[in-house]
Structures are given as C-alpha cells and as structure tokens.
Asker: 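Can you keep this structure in mind? I'll have questions shortly.
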Amino acid sequence: MSIKPARTRIAPSPTGHMHLGTARVALYDYLLAKKTGGQFILRIEDTDLKRTVPGAEQEIMDGLRWLGLQYDEGPDVGGKYGPYRQTERREIYQAHAKILVEKGHAYPCFCTPDRLEKMRQDQMKRKENPHYDGTCRKLSPDEAARRVANGEPYTIRFKMPYEGVTVAHDHLRGDITTENKQLNDYVLLKTDGLPTYHLAAIVDDHEMEITHVMRGSEWLGTFPLHVNIVRAFGWDEPVWIHLSVFLKPSGKGKMSKREAAQAMKDGYSIFIKDMQELGFTPEGVLNWSALMGWGVSEDDVMTVSQMVDRFTIDSLTPSPAAINFQKLDHFNATHIRLFTTEDLAARLKPYFTREGLNVNDEVLLKMIPLIRERLVTLDDCISFGAFFFRENVAPNLEDLIAKGLDAKQTVEIARRVYQILAAQPDISHERCEPPLRAYVEESGLNVNQVFGFLRVATTGQKVSPPLFESMEIIGRETCLRRIQNAIAMLEKA
RNA sequence: GCCCCCAUCGUCUAGUGGCCCAGGACGAGGCCCUCUCAAGGCCUAAACCGGGAUUCGAAUUCCCGUGGGGGCACCA
C-alpha cells in the first residue's frame, strides 16, 4: 500500500437510479482515500445528453451522503480541480482533442452515421469484426482542415496503431495484452462537440490528478484504448483497478430489470434510493457490499472506520460475485445491534411516524432494548413494537384462545390472570411473573397457555418482545384495560 | 463470430509451493438456553471445474479443455 495520499474518484453518469455497484466502487474509493490521507472526488459524467435523466445527479449525491461517503470535491461542494460536471468542461476536451490531432494521434472523421451503419452491416455479412474502416484516417491533414473549415460535421477519432500489441497493466489482473488490430479507431469527440467517455475520463483523471482509477470490469474491453490515449498524451498512468461485476443471486448473469423487480418483491433492492425505505442501514449496506469483491480473512463485521484500517487494494478480488441478499439481512441486523439506544431511537422514529403512530420518546427509549436483537431491518420495529404506541390493540379471537382449550376455558384463565395482576401494586416484571408462574403451577396448565393468552391480550400479537418487560412499559392501566377487552371478546365468543 | 477477464463449500471469501486430509462468514441441519419470536453458546454436513506438465512436493506455477462473465457504438 502506497503511503502517498491517493486521489480517487467515483464517476457515475446520471442516466438512471444509483446502483449498488456504484456504491461499492465509491466505498473502495473512499476507503483508499481515507486510508492514505488523500481525497475522494465525485465527478458527473453527463456527456450523453440523450441519456441524461433529470434528478439522477441529485440521486447520486443523496445516495453517497446517505451512505456517509462524503466526497471532498464534487459539483455541489466545489474544489480546485473543477468543474466536476463534464458538460461544463467541453472546452477542455476540445483542446485536448486538438492536441492529439496535432500530435498525429487523432484525426477528424466525416463519415455519417448512415455510412457507418452500412459499413458495419457489410462487415457482419462478411463475418468480419465490426470496426471503423479508416476512410478518413487516409485523408490528408490539409483536406481534413479544409472540410472542417467548410463547416462539415465531423468527429475526432483516435488513431489506433494497426500493428503490434498493447500491454496494459491492471493492479488485480496483471498485464493484459491485446493485439492492436483488435482495437478500433474510437470516436473521441462527437459531432455535438462533447467527448465520449474515452476522452473525457482520461483527460479528467489526468487533470484532476487521480492516482487510482477503480471502475467496473465492463471497461476492460476498452482498457487498451485508454492506456493508448494516456500514452499519446505522454502522461503518467494512474493505477488501474478493474473490479468485478455483481451477478444476480443465481450467479447466472448480471442483474437485469426482471431480477431487480423480483428483489423488490422480496423486500430487497439493488438501488440505493430504496435501501432506506426498506429499512436497511448505511452500515449494513456498506459492510455487505464491501465484502463482495474484497477478501477479509476473518471477523468481517466492520464499521467504516474499521474498513479504512483494514483496506488494501491488494486484497480486492477479480472474480464476479453473486449478490446474496440473505447476507445483507445479516449485516444489517448485526449493525443494528451495535447501535446505541439513542442512535437507534433516532433511526426508528421515522418508521413509526410513517406508520401514523405518535411516538412517546420515553417509551421509545425503554422499548428499544427489548426489540433491538429482533430487528433485521429498521422497519421491523413496526411489527415488533407498534403496540407500545397504540391506545388499544385488536387481537384475533383465535389467537386469544389458549392452545388446546376453548374460549370458555380461556375466559377462566383470563379472569384469574386479571385478578392476579390487579392485585399487584404495580405491574413490574419482578412483581408479576412469580404469582403468574405460581398460578400456572397450581392450575396444571402449561406456561404457554397462560402467557400466550396474556401476550395476545396485552400486545395484540402472538409474537412479541418479552412479555413482562413489555407489560411494564405498556403500563398498569393500559394492560388491565386490554385484558378486560380480551375477556369481553372471549365472553362473546 | 471475434477479443478480453474470471474459476476454492449453495453464496461471499482466506490461502501467494510444504503450516491445508483446505480456514472464516452467510445460509442449512442438530443440541443447549427459553414466556412467543429473536439473539447468544456448542456441534455437524458442505469446496480446491477436468486433463496434462513442472517439482522431492501444487488449491497455489505453466499449457490445453470446459464452464461462467464482460465487451465488440458519435452509451457510459
């Protein structure tokens, strides 16, 4: 691990919802920057005007902030390497494209999309690899300049060597050798004057002094191109790290729209914006995604600061990883148990409020220790603890009836239980459990028959936090009233 | 079709020639604890894709298959 401060960047394009994969790369970028005392940068790659969707940029910024991956430089925070939105940097790319043309590494191309498309069709028909045929590469500089001056629309293409090989070095995969004839004269600058990714990313990474480029392995195909562009400029290369992609849970192929929809049905998502709503925590999501593609030998529950301590780019893994949502549950639940009561209270409150419940802060603080280890997602607090904040509960009659008994027999139990509890000066755990246990003993009933009734009567549900601790929080008056209601229900049955 | 990448339990991974009859985590199963549900504790099953080669010795190196993934745009 280099001790020199690293400058890393996450460079998403605002073309849709922020994906889990983006979050993971951002996390690694963040970890490396923090570990080395460097900077983590957000750059928006919005050069495809047709695909840019309104709000997507904001979603990315919100997503990063929600995750706690605050960038040191970016469109909305500034920085001395700005602007951080590529559409605001078009002159920079045009100037650089010009440099490449002047150095003989690029050339203007006047071929129309129609001609290109026809050319491609012909090549396919002849079973050749689709590639630019080099028509405009043969143009003399003078003629090219004349046609440009004439106002003819043109693109700038990179002049890829026809012969030889390009050796590009990836930190995780070693040297990757590609025959140059496999490569293409890619377009660097489009007719609209905006750059393609290939030019924009390379220029920006250099201009912004990015030291480590982490990106998805879908860029491996054009990796040799990028390396050639850097070399054509005569610049130093960053450390390149191509991360593997995420596969769908079955491991067969990457996540598609269909899988994303299925995940949503199961209460999961691959989009960051959904995570909070589904009750996931930044800690859980981060810890989970960190471990897909990063090999940590043991004790893999980590906070972000622990991740910073342990992170090295050498421990990243190159193989594709299947998404495993069960593991998300595990990490989420584990982190929830690590939160302080106060912290958890603040995080839970919005979910209760969302449910239309009026939260009493004192009660909230008291009930949290009871439900904490039962929560997998934050919104589970509703099913486990909504009854704490309701005036009345509405149990099902069949749940109320003790197992193996009928309504009539249960009424007997209920009355007895009421009597016992009403006789207590308070409804504390210490006070209530012993006499109730004694009653179970002498009546010959089993614990679940008695406690089960009480649980359903007081909480309204069959599954709840520990009974006596819960009753203590619910309070004497409310408990007794709820038991009375239950008795009334049973009597009517 | 062509090119590139990847390959250890079902899944995520540790392992950089002997420490490995392969370790951890999730998940699964069992037991304990127990007022429900959890949590927790203990235990079990579960993997080096196949074939060659190098070596005294290979999960670890090299070849060839096979499988999987990605790419072949004036998209990123």
Asker: Regarding A/Glu442 and A/Arg437, does a basic nitrogen lie under 4.0 Å from an acidic carboxylate oxygen?
Answerer: no
Asker: Start at the 5' end of RNA chain B and walk down; is the nucleotide closest to A/Asp300 or to A/Phe451 reached first?
Answerer: A/Asp300
Asker: By the 4.0 Å heavy-atom rule, please label A/Thr317 as base, sugar-phosphate, or nothing.
Answerer: sugar-phosphate
Asker: Counting only Watson-Crick pairs (N1-N3 plus N6-O4 or O6-N4) and G-U wobbles (N1-O2, O6-N3), all under 3.5 Å, who is the partner of B/rU54?
Answerer: none
Asker: So which nucleotide does B/rC2 pair with, by the Watson-Crick or G-U wobble rule with both distances under 3.5 Å?
Answerer: B/rG71
Asker: With sugar-phosphate meaning primed atoms plus P, OP1 and OP2, does A/Ser13 contact a base, only sugar-phosphate, or nothing at under 4.0 Å between heavy atoms?
Answerer: sugar-phosphate
Asker: How would you list, by chain and number, every residue that makes a salt bridge (Lys or Arg N to Asp or Glu O under 4.0 Å) with A/Lys254, sequence neighbours excluded?
Answerer: none
Asker: Side chains of residues 324-331 of chain A: which donor-acceptor pairs under 3.5 Å do they make with residues two or more places apart or in other chains?
Answerer:
{"unit_1": "A/Asp329", "atom_1": "OD2", "unit_2": "A/Tyr268", "atom_2": "OH", "d": "2.4"}

Asker: Sticking with atom C1', work out how far B/rU44 lies from B/rG27, rounded to a whole angstrom.
Answerer: 14 Å
Asker: Could you tell me how far B/rC31 sits from B/rC62 if I compare only their P atoms? Round to whole Å.
Answerer: 48 Å
Asker: Which part of the nucleic acid, if any, lies within contact of A/Pro320, taking any heavy atom under 4.0 Å across all strands shown: a base, the sugar-phosphate backbone alone, or nothing?
Answerer: sugar-phosphate
Asker: Looking at residues at least two apart in the chain, or sitting in another chain, which of them share a salt bridge (Lys or Arg N to Asp or Glu O under 4.0 Å) with A/Arg51?
Answerer: A/Asp48
Asker: Which pairs, with at least one residue in residues 370-379 of chain A and sequence neighbours excluded, count as a salt bridge (charged side-chain N to carboxylate O under 4.0 Å, His left out)?
Answerer: none
Asker: With sequence neighbours left out, write down each residue that passes side chain to side chain donor-acceptor pair (under 3.5 Å) with A/Tyr351, or none if nothing qualifies.
Answerer: none
Asker: Specify the closest pair of heavy atoms between A/Asn332 and A/Val376, including all atoms of both residues, with the distance to one decimal.
Answerer: OD1-O, 2.8 Å
Asker: B/rA7 pairs with which nucleotide, Watson-Crick or G-U wobble, both distances below 3.5 Å?
Answerer: B/rU66
Asker: When all nucleic acid strands are considered with a 4.0 Å heavy-atom cut-off, which category describes A/Pro195: base, sugar-phosphate, or nothing?
Answerer: sugar-phosphate
Asker: Taking only the C1' atom of each, what is the distance from B/rU60 to B/rC48 in whole angstrom?
Answerer: 10 Å
Asker: Using the P atoms only, state how far B/rG70 lies from B/rG65, rounded to an integer number of Å.
Answerer: 22 Å
Asker: Verify the ring-centre separation between A/His242 and A/Phe223: is it less than 6.0 angstrom?
Answerer: yes
Asker: Reckon A/Glu117 touches a base, only the sugar-phosphate, or nothing at all at heavy-atom distances under 4.0 Å?
Answerer: nothing
Asker: Where along residues 452-467 of chain A does a heavy atom fall under 4.0 Å from RNA chain B?
Answerer: A/Arg455, A/Lys462, A/Val463, A/Ser464, A/Pro465, A/Pro466, A/Leu467
Asker: Taking the six-membered ring for Trp, are the ring centroids of A/His226 and A/Tyr197 within less than 6.0 Å of each other?
Answerer: yes
Asker: Can you tell me, in whole Å, how much space there is between the P of B/rG18 and that of B/rU13?
Answerer: 24 Å
Asker: Taking any atom under 4.0 angstrom from a heavy atom of chain A, which nucleotides of RNA chain B are the first and last to qualify, 5' to 3'?
Answerer: B/rG1 to B/rA76
Asker: Would you mind telling me which residue lines up with the more 5' stretch of RNA chain B, A/Lys127 or A/Met292, judged by nearest nucleotide?
Answerer: A/Lys127
Asker: Considering every strand and a 4.0 Å limit on heavy-atom distances, what is the contact class for A/Trp219: base, sugar-phosphate, or nothing?
Answerer: base
Asker: Under a 4.0 Å heavy-atom cut-off, which of residues 180-191 of chain A touch RNA chain B?
Answerer: A/Gln182, A/Val187, A/Lys190, A/Thr191
Asker: Is the closest basic N to carboxylate O distance between A/Arg9 and A/Asp205 below 4.0 Å?
Answerer: yes
Asker: Go ahead and name the base partner of B/rA14; Watson-Crick or wobble counts if both distances stay under 3.5 Å, otherwise write none.
Answerer: none
Asker: Watson-Crick or G-U wobble partner for B/rU34, using a 3.5 Å limit on both distances?
Answerer: none
Asker: Using the P atom as the point on both nucleotides, what is the distance between B/rU8 and B/rA39, in whole Å?
Answerer: 29 Å
Asker: Who are the salt bridge (Lys or Arg N to Asp or Glu O under 4.0 Å) partners of A/Glu412, not counting sequence neighbours?
Answerer: A/Arg415
Asker: Distance check, P atoms only: B/rC21 and B/rC37, in whole angstrom units.
Answerer: 42 Å
Asker: If you take any heavy atom closer than 4.0 Å to RNA chain B, which residues from residues 17-28 of chain A end up in contact?
Answerer: none
Asker: Between B/rC49 and B/rC26, how far apart are the two P atoms, rounded to whole Å?
Answerer: 24 Å
Asker: Mind checking if A/Asn448 touches a base, just sugar-phosphate, or nothing, with heavy atoms under 4.0 Å?
Answerer: sugar-phosphate
Asker: Please evaluate residues A/Phe280 and A/Trp288 with respect to the criterion ring-ring contact (aromatic ring centres under 6.0 Å, His included), reporting the C-alpha separation (whole Å), side-chain torsions for both, the decisive distance (0.1 Å), and the verdict.
Answerer: CA-CA 11 Å; A/Phe280 293 105; A/Trp288 172 58; 7.8 Å; no
Asker: Assess, by modelled atom type and distance only, whether the side chains of A/Asn228 and A/Thr166 contain a donor and an acceptor separated by less than 3.5 Å.
Answerer: yes
Asker: With a 4.0 Å cut-off on N to O distance, would you call A/Glu237 and A/Arg231 a salt bridge?
Answerer: yes
Asker: Which part of the nucleic acid, if any, lies within reach of A/Arg372 when heavy atoms closer than 4.0 Å are counted: base, sugar-phosphate only, or nothing?
Answerer: nothing
Asker: Using a 4.0 Å heavy-atom cut-off across all strands, classify A/Cys111 as base, sugar-phosphate, or nothing.
Answerer: base
Asker: B/rU44 pairs with which nucleotide, Watson-Crick or G-U wobble, both distances below 3.5 Å?
Answerer: B/rA28
Asker: Quick one: which residue pairs count as a side-chain hydrogen bond (donor to acceptor under 3.5 Å, both in side chains) with a foot in residues 107-118 of chain A, not counting sequence neighbours?
Answerer: A/Tyr107-A/Asp185, A/Arg115-A/Asp133, A/Arg115-A/Thr135, A/Glu117-A/Arg120, A/Glu117-A/Gln121, A/Lys118-A/Asp122
Asker: Can you name the residues that form a salt bridge (Lys or Arg N to Asp or Glu O under 4.0 Å) with A/Arg390, not counting sequence neighbours?
Answerer: none
Asker: Find the partner of B/rC19: check Watson-Crick (N1-N3 plus N6-O4 or O6-N4) and G-U wobble (N1-O2, O6-N3) distances, both under 3.5 Å, and reply none if neither fits.
Answerer: none
Asker: When all nucleic acid strands are considered with a 4.0 Å heavy-atom cut-off, which category describes A/Leu116: base, sugar-phosphate, or nothing?
Answerer: base
Asker: Quick one: label A/Gly216 by what it contacts on the DNA or RNA (base, sugar-phosphate, nothing), any heavy atom closer than 4.0 Å.
Answerer: nothing
